[in-house]
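Residue numbers begin at 1 in each chain, while the letters A, B, ... track the order of the sequences.
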Amino acid sequence: MSTKTTIAHVGDFAGQAVTLEGWLYNKRSSGKIQFLQVRDGTGFIQCVAVKSEVGEEVFAACDSLTQESSLRVTGLVRADDRAPGGYELTVQHVEAIQISHEYPITHKEHGVDFLMEHRHLWLRVPRQRALLRIRAEVERAVADFLDGHGFTRVDSPALTPSSCEDTTELFQTQYFDQEAYLTQSGQMYMEAAAMALGKVYSAGPAFRAEKSKTRRHLIEFWMIEPEMAFVEHEENLKIQEQFVAHIVKHVLNHCESELHTLGRDIQALSRVEAPFPRMSYDEAIDWLQKHDFDIQWGDDFGSPHETALANQFDRPLFIERYPTAIKAFYMQPDPNRPEVVLCADMLAPEGYGEIIGGSQRIHDYALLKQRFEEHKLPEDTYAWYLDLRKYGSVPHSGFGLGLERTIAWICGIEHIREAIAFPRTLYRLYP
RNA sequence: UCCUCGAUAGCUCAGCGGUAGAGCAUCCGACUGUUAAUCGGAGGGUCGUAGGUUCGAAUCCUACUCGGGGAGCCA
């Protein structure tokens, strides 16, 4: 009799017979011996079939297996120093569940377009498995930290009647006989929820119809948006750095083998501890001007600016107090300097760009109403948002963390599209 | 939207004015420790689309289509 188990647990059955269910990742044969590389989602193991031991029938069954055929294999678990995972399986019996014909993704090189066209199969390779495992652990770390700090998860709507910010482009759709838009941020809804529950967060997709095609952009990406009543700028930043440091530490503690699969520099990640370095917008402009960048006070940073600033440090960098004129309408002006707002962007090291944008929000009714007029925003669709400043308004702050950018940085990958199972990029909606 | 690079076998690419090529994958054969296994053989192509130059175009020119990277903008 054999016990059904998974590759991750074969070590518990050394010397015993087990049955594994999975897929053939690769096969090498030498006429009278075959090496089957089997994966089952939990790991990889090499199964060895020797013709003189298994007999003609089982050996032929092994021979019939092709790349990515699904199978059930029974054999003896054997510790072996030559095996990357420490164990091999000596095959006793093999059952093909389905034979795969001409699997498109070989073990050779492939181009990005081809791989993206076959994303549904590309997910099966060790690298993509590692990325999805780490993504799941990042999401777990997010929930652990926020739930442990008194936050309540509140889910925001995907269909909205209007934009939350006035700049970026929206995906328009029909809501019966009304126009509607896919959400680009749940922030305003989280502000409402924070007045009900104190500390809240949303976690879900955001949609931006921008024609951006860089390694940092997705059309559909996930944002984690905490919002906190009675929290002001300084405390907002402290929570953000603890939050990000916690996520990185969690991944280091739970995803060692996955980071190894990706070839990530563990040392670089282990230096990510709070507090994070900070620069004011003013200091950043000075620094850039001293380093021959053509930029003036009042200009927004471009990607090259952000990369140069962030690359000075081995952990994320806060840049705070940007000019009011270039930031979102809802941001709270610095009481001592109304020309700047109490906001901060968190820039990841190594050129991964902005992973958090956050701010203290305007809580004064008159000032927010004035901003609506300045930005020519339709007051009827935002009446509820103004209401929050009419009925028990309090200072509050929040931020949005870009999940895929955070994952891309932690994993050290070239392109953000690998940080989500089925990326929506410019000009690609399939699969 | 702009800049830039690309499109040749299932995949990755070479060929850049004179008969369409290689490696891998597939199929057949050999091999008892392979680990991107190796070795021998076979099949596999309207050279992205449309036009133009030329005796002759995968190759040069024009337009278009699709895609990669970047800028802007953003998380």
**Asked** Does A:F422 have its ring centroid less than 6.0 Å away from the ring centroid of A:H120?
**Response**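 Between A:H120 and A:F422, which both carry aromatic rings, the centre distance is not below 6.0 Å.
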
Of the nucleotides [options], which one has an atom closest to the side chain of [X]?
{"X": "A:R405", "options": "B:C74, B:G68, B:G72", "result": "B:C74"}
{"X": "A:F35", "options": "B:G33, B:U1, B:U32", "result": "B:G33"}
{"X": "A:K211", "options": "B:U1, B:U32, B:A71", "result": "B:U1"}
{"X": "A:E210", "options": "B:A36, B:U34, B:C74", "result": "B:C74"}
{"X": "A:E354", "options": "B:C73, B:U32, B:A75", "result": "B:A75"}
{"X": "A:K213", "options": "B:G70, B:U12, B:G33", "result": "B:G70"}
{"X": "A:K108", "options": "B:G68, B:A36, B:A75", "result": "B:A36"}
{"X": "A:R417", "options": "B:C74, B:G69, B:A36", "result": "B:G69"}

Over all strands shown, is [X] touching base, sugar-phosphate only, or nothing at heavy-atom distances under 4.0 angstrom?
{"X": "A:T66", "result": "nothing"}
{"X": "A:R428", "result": "nothing"}
{"X": "A:G302", "result": "sugar-phosphate"}

What is the distance from [atom1] of [X] to [atom2] of [N], rounded to the nearest Å?
{"X": "A:L36", "N": "B:G33", "atom1": "CG", "atom2": "P", "result": "16 Å"}
{"X": "A:Q46", "N": "B:U32", "atom1": "CD", "atom2": "C1'", "result": "13 Å"}
{"X": "A:D63", "N": "B:U34", "atom1": "CG", "atom2": "C1'", "result": "15 Å"}
{"X": "A:L89", "N": "B:U34", "atom1": "CG", "atom2": "P", "result": "19 Å"}
{"X": "A:L426", "N": "B:G70", "atom1": "CG", "atom2": "C1'", "result": "13 Å"}
{"X": "A:E56", "N": "B:U32", "atom1": "CD", "atom2": "P", "result": "13 Å"}
{"X": "A:E306", "N": "B:G70", "atom1": "CD", "atom2": "C1'", "result": "15 Å"}
{"X": "A:K27", "N": "B:C27", "atom1": "NZ", "atom2": "C1'", "result": "13 Å"}

**A:F221 aromatic ring stacked with six-membered ring of B:A75, 5.5 Å and 30°** =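 A:F221 ring centre within cut-off of B:A75 base, planes near parallel; stacks.
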
**Asked** Given the C1' atoms of B:G43 and B:G21, what is the spacing between them in whole Å?
**Response**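 Going atom to atom, C1' in each nucleotide, I get 16 Å.
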
**Separation of the C1' atoms in B:G17 and B:U59, to the nearest angstrom** = 6 Å

With both distances kept under 3.5 Å, what pairs with [N], Watson-Crick or G-U wobble?
{"N": "B:G29", "result": "B:C39"}
{"N": "B:U34", "result": "none"}
{"N": "B:G23", "result": "B:C11"}
{"N": "B:G6", "result": "B:C66"}

Specify whether [X] and [Y] have parallel, tilted or perpendicular ring planes, treating 30° as the upper limit for parallel and 60° as the lower limit for perpendicular.
{"X": "A:Y201", "Y": "A:F151", "answer": "perpendicular"}
{"X": "A:H250", "Y": "A:H246", "answer": "tilted"}
{"X": "A:Y385", "Y": "A:F372", "answer": "tilted"}

Give a yes/no on whether any side-chain N or O of [X] is located under 4.0 angstrom from OP1 or OP2 of [N].
{"X": "A:R216", "N": "B:G72", "result": "no"}
{"X": "A:H415", "N": "B:G69", "result": "yes"}
{"X": "A:R215", "N": "B:C74", "result": "no"}
{"X": "A:S185", "N": "B:A75", "result": "no"}

**Prompt:** Between the side-chain atoms of A:H107 and the base atoms of B:C24, is any donor-acceptor pair under 3.5 Å?
**Reply:** no

**Request:** Spell out yes or no: do the side chain of A:T106 and the base of B:C11 have one donor N/O and one acceptor N/O closer than 3.5 Å?
**Result:**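 Between B:C11 and A:T106, which were checked side chain against base, a qualifying N/O pair under 3.5 Å is absent.
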
**Message:** I'd like to know if the side chain of A:T307 reaches the main chain of A:P304, judged simply by a donor and an acceptor atom lying under 3.5 Å from each other, with no hydrogens or angles considered.
**Reply:** no

**Message:** Donor-acceptor check, side chain of A:R315 to backbone of A:E273, threshold 3.5 angstrom: yes or no?
**Reply:** yes

**Request:** Check the surroundings of atom CD in A:E283: do more than 12 heavy atoms from other residues, nucleotides or ligands lie under 6.0 Å from it?
**Result:** yes

